Amino acid sequence: MKILSSGTYSDRLVSYSVIFSLIWSILGMAAGVYVALELVIPTIDFGQEWLSYGRLRTLHTNAVIFGFGVTALMGTAFYSVQRTCHVELFSPRLAWFCIIAWQFTVLLGGLSLLAGWNAGKEYAELEWPIDILIAVIWVCFGIVFFGTIAKRKVKPIYVSNWFYGALIIVIAMLHIVNSLAIPVTISKSYSLFAGAQDAVVQWWYGHNAVGFLLTGGFLGMLYYFLPKQADRPIWSYRLSIIAFWAFTYSYIWAGPHHLHYNAIPDWVQTLGMVMSIILLAPSWATMVNAVMTVSGAPQKLKTDHSLKFIVLALAFYGLATFEGPMMAIKSVNAVSHFTDWTIGHVHSGALGWNALITFGTFYFLVPRLFNTQLYSKRLADIHFWLAISGTMLYILAMWGAGISQGLLWLSLGDLGELSYGFREIMASMQPYYILRVIAGLVFLSGAVVMIYNFFRTIAGRKTATVQIPAPSTASEQQVTV
Amino acid sequence: MNAIDIHRKLEENAGLLIFGILFVSAIGGLVQILPSIFQETVEPTADTRPYTAAELLGRDIYIREGCSTCHSQQVRPLLAEVIRYEAPAHAGESVYDRPFLWGSKRTGPDLSRVGEKYTDEWQRIHLIDPRAVVPKSIMPAYPWLERRKANARNDVHLRMKALQRLGHPYSDEEIARAADDVAGMTELDAIVAYLQSLKIDTSVDQSEGGH
Ligand code: HEM
Ligand code: HEM
């Protein structure tokens, strides 16, 4: 018997964040397809500054990471923290502010990139006025999140919240330090760090933005929505603790693998390499934990769309976190660095892991938030196959491109002369780049099918408010999910 | 009390958890970054000097257009790479680079040693229409660079002043005449000036390696 306590969850803002996140996913991926096409037909920017590859590519990464990714993380963090704490959000108003102000900031940021405001650091291209907005919203996000945890009705803090908590804290630290700069005008600033030092700071930021946002943040999503949807407790609580702390500790060290053979001290590179290989352990510990959790629900895996997406995402997570440590080995990196192999690795994480787990979670959330059934399971099935084929084709094309680039660049003839000119190698990339455009279109059309499905689902809805169940008496972690 | 019990404490106290995460995640960064701030100051190599007013504007255009999304500026000390691009990068060459532009993707070739490899005229044609000189190139064209004045916003002296505050050795006099130095220059002129400044520092003993 479940006793209901008074009050309802603040879920409307979660619905909105799902919708905003979906809009960003389409915009961001459309920009991705467009820049992919620009590498095949370079004249399709029509001499327009804002369509130029350098600007549009930056818009692509910002729209997918900060628009699609962060909005989804905020929404799911707000959804799950209420349920794992058995209370309504601390200050729903501030939570609304976070969601809305974030959309406004990303939009402004996107437009500023197209206008040529660019701080020049990867994944931190936004200029100082927007950096300040980001910092303010991020602090508010932290207040809502930890405020909710502080007033929780159950004693333990559930494991998904550690990951979301790490996302909030670590990203705040990285963002503030890496963005330190002296403003010159509203649209231009100079980094407080220069040269090699700037490089080390930037990749400390860049790698851990990947670590605590694209990996850790989404692990928070995994730890809540996977057990929930599989209807099973997490397989090993102990393993989740060990994996969390090992992950949080070791990730931070791995940044220098982005600077192998670059002009930074050797000891820093070596540390980065060793810690990256160690990172395989906590990464896979989480994967094992999650796989064992679903393996208790084999029936559900066959029929449940949400779960299918989440488990497929887990497979790509396994791939990316295996490939990453391999690429961090200096002798492998000598070949992979600067090539499309890196791009393939990025998208096996970005499409295979981040996008798929988010889609799976949305298949779970949309019918619940709108108190109805999914419009079409068949369309969800079609989406599943488009998503898997798009991702696989993208990765295979980039492996082909990247490995041949890497080897051809380094190839020497009998007399020690270069075997191939740069332009020759560049021109030979065309077939792979064409395949990548197709892969992107396939993946994107899957997302469009999903959005149509959600649109029809919501069109036939009744609105729902969910009463907060009182905490159960057992204090064990598992039942608090 | 075993590890799980200790952890239970962390996990039942939000403040401790926040502190724990902050502490554990800060260590790696501190170890890697602090030495570069307090100990290992990088000295500029003999030929490395702050960018001139025109080069600086050119570099800022390079950043604005996202050139570094396709071009690296970092020759690694690998045999084939040194043959292709010449001397490997030295940390002392980028002490005036804010931000650094080493890049992470080489869709087009490395540019850190492109200076004086081509004539100014070649660079100008190439930026306006890359396929006029490299038929199979996939580089975008930048026709607007020719139409715009490099110092249209009249802020080049502000840029240099900001850098001076950060320790770049510009004299007040250099800053005062910067606007005159770039008067009449287009964005195309500025970016070509920047590209031509990217040269090998011949004073560096290459046997020392990259750093
Ligand atoms: C329709 C799907 C997509 C397509 C066609 C696409 C295409 C591209 C292209 C062409 C690039 C530039 C590659 C280069 O520099 O050579 C790129 C970069 C990037 N994309 Fe995507 N993308 C897609 C989806 C995504 C998603 C969903 C994410 C993240 C969640 C993402 C994250 C990134 C990142 C982080 C980079 C920068 C990689 C680096 O600098 O190493 N992409 N993408
Ligand atoms: C144990 C886990 C991982 C390790 C050790 C790792 C390692 C690496 C390495 C060595 C590179 C190439 C650096 C270079 O040569 O420039 C790289 C690039 C990258 N990885 Fe991972 N990776 C891991 C997991 C992931 C995951 C799960 C994602 C999720 C999306 C991801 C996203 C990226 C991105 C965006 C880049 C491109 C950065 C850039 O150059 O712009 N990685 N990673």
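These numbers come from a predicted model, not from an experiment.
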Asks: Under 4.5 Å, counting heavy-atom pairs only, tell me which of B/Lys136, B/Lys161, B/Gln74, B/Glu81 racks up the most with chain A.
Replies: B/Gln74
Asks: Between B/Arg98 (side chain) and A/Ser191 (backbone), is there a donor-acceptor pair under 3.5 Å?
Replies: yes
Asks: Taking CH2 in A/Trp50 as the centre, count heavy atoms belonging to other residues, nucleotides or ligands within less than 6.0 Å. Is the count above 12?
Replies: no
Asks: When you compare the side chain of A/Leu410 with that of B/Leu78, does any pair of heavy atoms fall below 4.5 Å?
Replies: yes
Asks: Could you look at A/Arg55 and say if it's the side chain, the backbone, both or neither that has a heavy atom under 4.5 Å from chain B?
Replies: both
Asks: Just by distance, with hydrogens left out, do A/Tyr190 and B/Asp60 show a side-chain donor and acceptor under 3.5 Å apart?
Replies: yes
Asks: Just wondering, do B/Ser25 and A/Met173 contact through their side chains at under 4.5 Å, heavy atoms?
Replies: yes
Asks: If only side-chain N and O atoms count, and only distance matters, is there a donor-acceptor pair under 3.5 Å linking B/Thr107 with A/Arg57?
Replies: no
Asks: Considering only heavy atoms, which portion of B/Asp110 lies under 4.5 Å from any heavy atom of chain A: side chain, backbone, both, or neither?
Replies: neither
Asks: Take B/Ile138 and A/Gln430, measure what side-chain contact (heavy atoms from CB on, under 4.5 Å) needs, and give me the verdict at the end.
Replies: CA-CA 10 Å; B/Ile138 52 171; A/Gln430 281 305 305; 3.5 Å; yes
Asks: Non-hydrogen atoms of chain B under 4.5 Å away: do they reach the side chain of A/His337, the backbone, both or neither?
Replies: both
Asks: So which heavy atom on A/Gly120 is nearest to which on B/Ile63, and how close?
Replies: CA-CG2, 3.7 Å
Asks: Answer whether the closest heavy-atom distance between the side chains of A/Phe422 and B/Tyr85 falls below 4.5 Å.
Replies: yes
Asks: Using non-hydrogen atoms only, which part of A/Trp409 is less than 4.5 Å away from chain B: side chain, backbone, both, or neither?
Replies: both
Asks: Is A/Asp340 paired with B/Lys105 through a side-chain N to carboxylate O contact shorter than 4.0 Å?
Replies: yes
Asks: Hey, are B/Ser104 and A/Glu122 close enough side-chain-wise for a donor-acceptor pair under 3.5 Å?
Replies: yes
Asks: Which bit of A/Tyr249 comes within less than 4.5 Å of chain B, counting heavy atoms only: side chain, backbone, both or neither?
Replies: both
Asks: Identify the two heavy atoms, one from A/Tyr53 and one from B/Pro140, that lie closest to each other, and give their separation to 0.1 Å.
Replies: CB-CG, 3.8 Å
Asks: Considering only heavy atoms and a distance below 4.5 Å, find which of A/Pro256, A/Gly416, A/Ala150 pairs most often with chain B.
Replies: A/Pro256
Asks: With a 4.5 angstrom heavy-atom cut-off, is it the side chain or the backbone of B/Ala14 that approaches chain A, or both, or neither?
Replies: both
Asks: Identify which part of A/Leu412 has an atom lying under 4.5 Å from any heavy atom of chain B, answering side chain, backbone, both or neither.
Replies: side chain
Asks: Sort out for me which of B/Pro143, B/Ala26, B/Gly108 touches chain A most, counting heavy-atom pairs under 4.5 Å.
Replies: B/Gly108
Asks: For chain A, which candidate among B/Arg131, B/Arg106, B/Arg165 shows the most heavy-atom pairs at distances under 4.5 Å?
Replies: B/Arg106
Asks: What is the minimum heavy-atom distance between A/Ala263 and B/Trp102, and which atoms define it?
Replies: O-CH2, 3.7 Å
Asks: For A/Gln48, which atoms come within 4.5 Å of any heavy atom of chain B: side chain, backbone, both, or neither?
Replies: backbone
Asks: Under 4.5 Å heavy-atom distance to chain B, tell me which part of A/Thr339 shows up: side chain, backbone, both or neither.
Replies: backbone
Asks: At a heavy-atom distance under 4.5 Å, which candidate from B/Val134, B/Asp155, B/Leu158, B/Asn13 has the highest pair count against chain A?
Replies: B/Val134
Asks: If you take all heavy atoms of A/Ala119 and B/Pro99, which pair is closest and at what distance?
Replies: O-CG, 3.3 Å
Asks: Chain A heavy atoms under 4.5 Å from B/Cys70: which part of the residue, side chain, backbone, both or neither?
Replies: side chain
Asks: If we only count heavy atoms from C-beta on, is the A/Trp253 to B/Ile27 side-chain gap below 4.5 Å?
Replies: yes
Asks: Please answer whether the main-chain N or O of B/Phe100 pairs with a side-chain N or O of A/Asp198 as donor and acceptor at a distance below 3.5 Å.
Replies: yes
Asks: For A/Ile242, is it the side chain, the backbone, both or neither that has a heavy atom under 4.5 Å from a heavy atom of chain B?
Replies: neither
Asks: Within the supplied structure, the quantity of interest is the number of heavy atoms (other residues, nucleotides, ligands) at a distance under 6.0 Å from A/Lys330 NZ; does it exceed 12?
Replies: yes
Asks: Among B/Gly20, B/Gly28, B/Gly66, which residue has the highest count of heavy-atom pairs closer than 4.5 Å to chain A?
Replies: B/Gly28
Asks: Quick one: of A/Thr58, A/Ile241, A/Leu113, A/Ile149, who has the most non-hydrogen atom pairs under 4.5 Å with chain B?
Replies: A/Ile241
Asks: Does a side-chain heavy-atom distance below 4.5 Å link A/Ser52 with B/Tyr142?
Replies: yes
Asks: For A/Ser187, is it the side chain, the backbone, both, or neither that has a heavy atom closer than 4.5 Å to a heavy atom of chain B?
Replies: side chain
Asks: Using non-hydrogen atoms only, which part of A/Phe247 is less than 4.5 Å away from chain B: side chain, backbone, both, or neither?
Replies: neither
Asks: Looking at every non-hydrogen atom in both residues, tell me the closest pair between B/Arg84 and A/Leu408 and how far apart they are.
Replies: NH2-O, 3.9 Å
Asks: Can you tell me how far apart CG (A/Asn262) and OG (B/Ser94) are? Round to the nearest 0.5 Å.
Replies: 9.5 Å
Asks: For a quick test of reading the model, state the closest non-hydrogen atom pair linking A/Ile252 to B/Gln32 and the distance between them.
Replies: O-OE1, 4.0 Å
Asks: Select one option (side chain, backbone, both, neither) describing which atoms of A/Leu259 are under 4.5 Å from chain B's heavy atoms.
Replies: side chain
Asks: Quick check on the interface: out of B/Ile83, B/Leu17, B/Ile21, who has the most heavy-atom pairs with chain A under 4.5 Å?
Replies: B/Ile21
Asks: For the residue pair A/Gln197 and B/Ile33, establish whether any side-chain heavy-atom pair is separated by less than 4.5 Å.
Replies: no
Asks: Decide side-chain contact (heavy atoms from CB on, under 4.5 Å) for A/Trp117 and B/Arg64; before the verdict, give the C-alpha distance in whole Å, the side-chain angles of both, and the deciding distance to 0.1 Å.
Replies: CA-CA 6 Å; A/Trp117 297 23; B/Arg64 181 186 79 196; over 6 Å; no
Asks: Does A/Glu49 reach the main-chain N or O of B/Trp144 with its side chain, forming a donor-acceptor pair under 3.5 Å?
Replies: no
Asks: Is the count of non-hydrogen atoms from other residues, nucleotides or ligands lying under 6.0 Å from B/Tyr118 atom OH greater than 12?
Replies: yes
Asks: Could you tell me which portion of A/Arg238 (side chain, backbone, both or neither) has an atom closer than 4.5 angstrom to a non-hydrogen atom of chain B?
Replies: both
Asks: Can you say whether A/Tyr251 sits under 4.5 Å from chain B via the side chain, the backbone, both, or neither, judging by heavy atoms?
Replies: neither
Asks: Tell me, out of A/Leu39, A/Leu56, A/Thr185, A/Val200, who's got the most heavy-atom pairs with chain B below 4.5 Å.
Replies: A/Leu39
Asks: Please state whether the side chain, the backbone, both or neither of A/Ile343 comes within less than 4.5 Å of a heavy atom of chain B.
Replies: side chain
